[in-house]
Amino acid sequence: MANFSKPTAPRFSVDVYQNEFLPEGGRDVSAIVTVTSTGGGTSGGHAGHAGAAGVVIMVDCSGSMDYPATKMRGAREATAAAVDTLRDGTRFALVAGTHVAKEVYPGNGGLAVADARTRAEAKEALRRLSAGGGTAIGTWLRLADRLLSSAELTIRHGILLTDGRNEHESPEELRAALDACAGRFTCDARGVGTDWEVKEVTGIASALLGTADIVADPAGLAADFTAMMEHAMGKGVADVALRLWTPVGVEILFVKQVAPAVEDLTGRRTEAGPRAGDYPTGSWGDESRDYHVSVRVPQAAVGQEMLAARVSLIAPDPAGGDPRPLSQGLVRAVWTDDLAMSTSINPQVAHYTGQAELADVIQQGLDARKSGDRDGATAKLGRAVQLAAASGNADTAKLLSKVVDVVDAATGTVRLKAKVAEADEMTLETRSTKTVRVKR
C-alpha cells in the first residue's frame, strides 16, 4: 500500500527563451516557453490546498485478452498493483471493457474511497475478471466520465489498457466519445502485446492530455501501472491552461507542447476575451514542460520594438470565480540592422524545431515502410537518425536502430532492416513524439 501525503497546490513559473531580434521586414517570432511547477506533488507542505482526486481504471476484458492467458493475468496483477498505489482518500473505480462497459468495483454507479478495506475489496473483485466479448473503447470512456462526474473532484484521471483494435464501434463513435470527454478528465493509455492499433491508443492519450505507451510483454504491466498511478497521485492542480494574448495585427502560427513530448495544441484554442485564447495543458504536479509559441507580427522599421505576445498560466478558481493567473512571460520583437543579431537562432528554438521534425519524419518513414515505399522510408528514417544523433535523443536513436541499420548517423545514411520485430516497430511509432530536453 502506498503511503503518499496529499499533494499540495504547486507554484508555477514561466521562462521565455527567444531571439527577439528581427531584420527589417522580418515578421515571424518564435519562443520556447518553459513552465515549471514546484512545491506540489508529494513534496509535503500543507495539504489543505489540493482537492480530492478520482481515478477510474479501464481494463480490456475482450476475448483476445485470453490469448495468451498471461495478458489477462498480467492485467489483473497490474490493476491490483495500481490499486495498492492509491493514496488514502482517493476516489476510484474499476471498469471492465468489452463491446460494452461494465462497473467492476464499487459497482454502485459511483466511486469508492481508497482505504485498506476498499483496496482489498477491489482486488477481490479483480480476481473474478474473465475475458470474453468485443472492443468498444468509446463506451469505456463514457462510463469513466459518468463515474468521475459523480463526485466533487479537483483531479479527474483515467488509466486505460487495451490489447486489440477498436472493432465494435466506428472511428466516428470513438471520436465522439473523446470529444465528449476532452476537458473533463485526463487519461493515460497503454497497449499490451502487439495486436492493437498505435494511432488509436496514441489518439486517446492525445485527446485526453495523457501519456501513451506500449507494454509488449504482459510481465511489465504491473511496474508500468504502478508508475502511472504514482504519477497521477502526484498531481496537485487540474485544468491548467496556457493563455496567449496578442496585440492587434499579430497572427498566431502555432502553439505546441515540445517537451516531454510533442503535442500540437493550436487547434484546441478556446477564446478567453479580446485577443486572448486558452490552450489546455491538463493536470500538474512537480514537473516542467516546454512549449513552442510562434506568431507573425506586423512589419516595422529598424529601431522599433513591440510586445509580440503575453503568455500566462491560468487555473480555475477553487471558489468558482474567474480563472486565476499563476505566472506569465513576455514574447518580444525588436527590429535591428545588425545582421549577427537578427540571424542568430536561439538554441532552445532550434533544438525543439528539430525534435518536432524528428517526430514527424519517424511517422512518415514508418508509414512509407508499411506502404512498401522503401526509398521514401529510407530517406525519412535516415533523417530521423540524423536528428536524433544531433540532438542527443539517445532513447529514440536506440529505437530507430531496431528498424534500420545505421551506416553514418551524422549524415543520416541508413539501410532498412530486412526483418523487424512487430513490437520494435510499434514501440518506435508509439514513442516517436517523446523528446529530450534542451541542455541549458
Side-chain angles (χ1 to χ4, degrees), residues 2 4-10 37 40-42 50-60 78-95 97 101 103-106 110-114 118-119 122 137 140-162 177-178 180-190 201-213 221 224-241 257 260-261 263 280-287 289 315-316 318:
F4 288 104
S5 61
K6 191 174 183 180
T8 58
S37 65
T42 53
V55 183
V56 174
I57 305 175
M58 295 158 272
V59 182
D60 191 337
T79 307
V83 167
D84 275 338
T85 311
L86 287 164
R87 188 179 59 244
D88 280 350
T90 302
R91 276 70 164 174
F92 76 102
L94 308 179
V95 168
E103 296 178 46
V104 173
Y105 184 83
L111 303 169
V113 178
T118 57
R119 287 191 195 91
I137 294 173
W140 316 354
L141 295 167
R142 289 184 186 274
L143 176 55
D145 184 33
R146 289 197 298 276
L147 293 169
L148 289 167
S149 65
S150 69
E152 288 292 324
L153 301 171
T154 301
I155 306 293
R156 302 170 304 280
H157 190 72
I159 290 175
L160 184 149
L161 173 72
T162 185
L178 290 171
C181 296
R184 295 177 59 80
F185 66 95
T186 55
C187 185
D188 294 322
R190 295 294 185 266
V201 170
T202 56
I204 291 164
S206 173
L208 302 181
L209 298 173
T211 64
D213 208 350
L221 277 173
D224 187 76
F225 266 46
T226 300
M228 271 195 293
M229 189 62 83
E230 286 175 348
H231 187 67
M233 291 296 94
K235 299 298 185 181
V237 60
D239 303 324
V240 176
Q257 178 185 285
E263 188 68 60
T281 70
S283 303
W284 289 72
D286 274 330
E287 58 191 298
R289 305 179 201 169

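- The two residues Ala238 and Thr154 have their closest heavy-atom pair at CB-O, 3.1 Å.
- Not counting sequence neighbours, the partners of Arg184 by the side-chain hydrogen bond (donor to acceptor under 3.5 Å, both in side chains) test are Asp145.
- Within the 3.5 Å criterion, the main-chain N or O of Gly210 finds no donor-acceptor partner in the side chain of Thr186.
- Side-chain contact between Met228 and Thr85: absent, with no pair of heavy atoms (C-beta onward) separated by less than 4.5 Å.
- A distance of 14.0 Å separates CG of Leu147 from CZ of Arg142, quoted to the nearest 0.5 Å.
- In terms of heavy atoms, Leu161 sits closest to Trp140 at O-CZ3, 3.7 Å.
- Listed for the Arg91 side chain is a donor-acceptor partner under 3.5 Å among the backbone atoms of Gly89.
- In terms of heavy-atom proximity, Ile159 sits nearest to Met229 at CD1-CE, 4.0 Å.
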Intermediate values then yes/no, side chain to side chain contact (heavy atoms under 4.5 Å, CB included), Met58 and Ile137: CA-CA 9 Å; Met58 295 158 272; Ile137 294 173; over 6 Å; no
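- Proximity of Lys235 to Glu287: side-chain heavy atoms (C-beta onward) are separated by under 4.5 Å at one or more points.
- A donor-acceptor contact shorter than 3.5 Å links the side chain of Gln257 to the backbone of Ala261.
- Under the 4.0 Å criterion applied to side-chain N and carboxylate O atoms, Arg190 and Asp60 are not assigned as salt-bridge partners.
- With sequence neighbours excluded, the residues forming a side chain to side chain contact (heavy atoms under 4.5 Å, CB included) with Ala151 are Leu111, Leu153, listed by chain and number.
- Here the closest non-hydrogen pair linking Val113 and Thr118 is O-OG1, 2.7 Å.
- For the atom pair CZ (Arg146) and CG (Leu141), the distance works out to 11.0 Å, reported to the nearest 0.5 Å.
- Expressed to the nearest 0.5 Å, how far CZ of Arg289 lies from OG of Ser37 amounts to 7.5 Å.
- The minimum heavy-atom distance linking Ala93 with Pro106 is given by the pair CB-CD, 4.0 Å.
- Contacts of Phe92 classified as ring-ring contact (aromatic ring centres under 6.0 Å, His included), with partners at least two apart in sequence or in another chain: Tyr105.
- Atom-to-atom distance recorded for Leu221:CG and Thr226:OG1 is 10.5 Å, nearest 0.5 angstrom.
- When each of Leu160, Thr79, Leu94, Val104 is checked for a side-chain contact (heavy atoms from CB on, under 4.5 Å) with Val59, only Thr79 meets the rule.
- With rounding to the nearest 0.5 angstrom, the CG atom of Leu86 is 6.5 Å from the CZ atom of Arg119.
- One finds the OG atom of Ser283 at 4.5 Å from the CD1 atom of Ile155 (value rounded to the nearest 0.5 Å).
- Shortest non-hydrogen contact noted between Val240 and Ala315 is CG2-CB, 4.5 Å.
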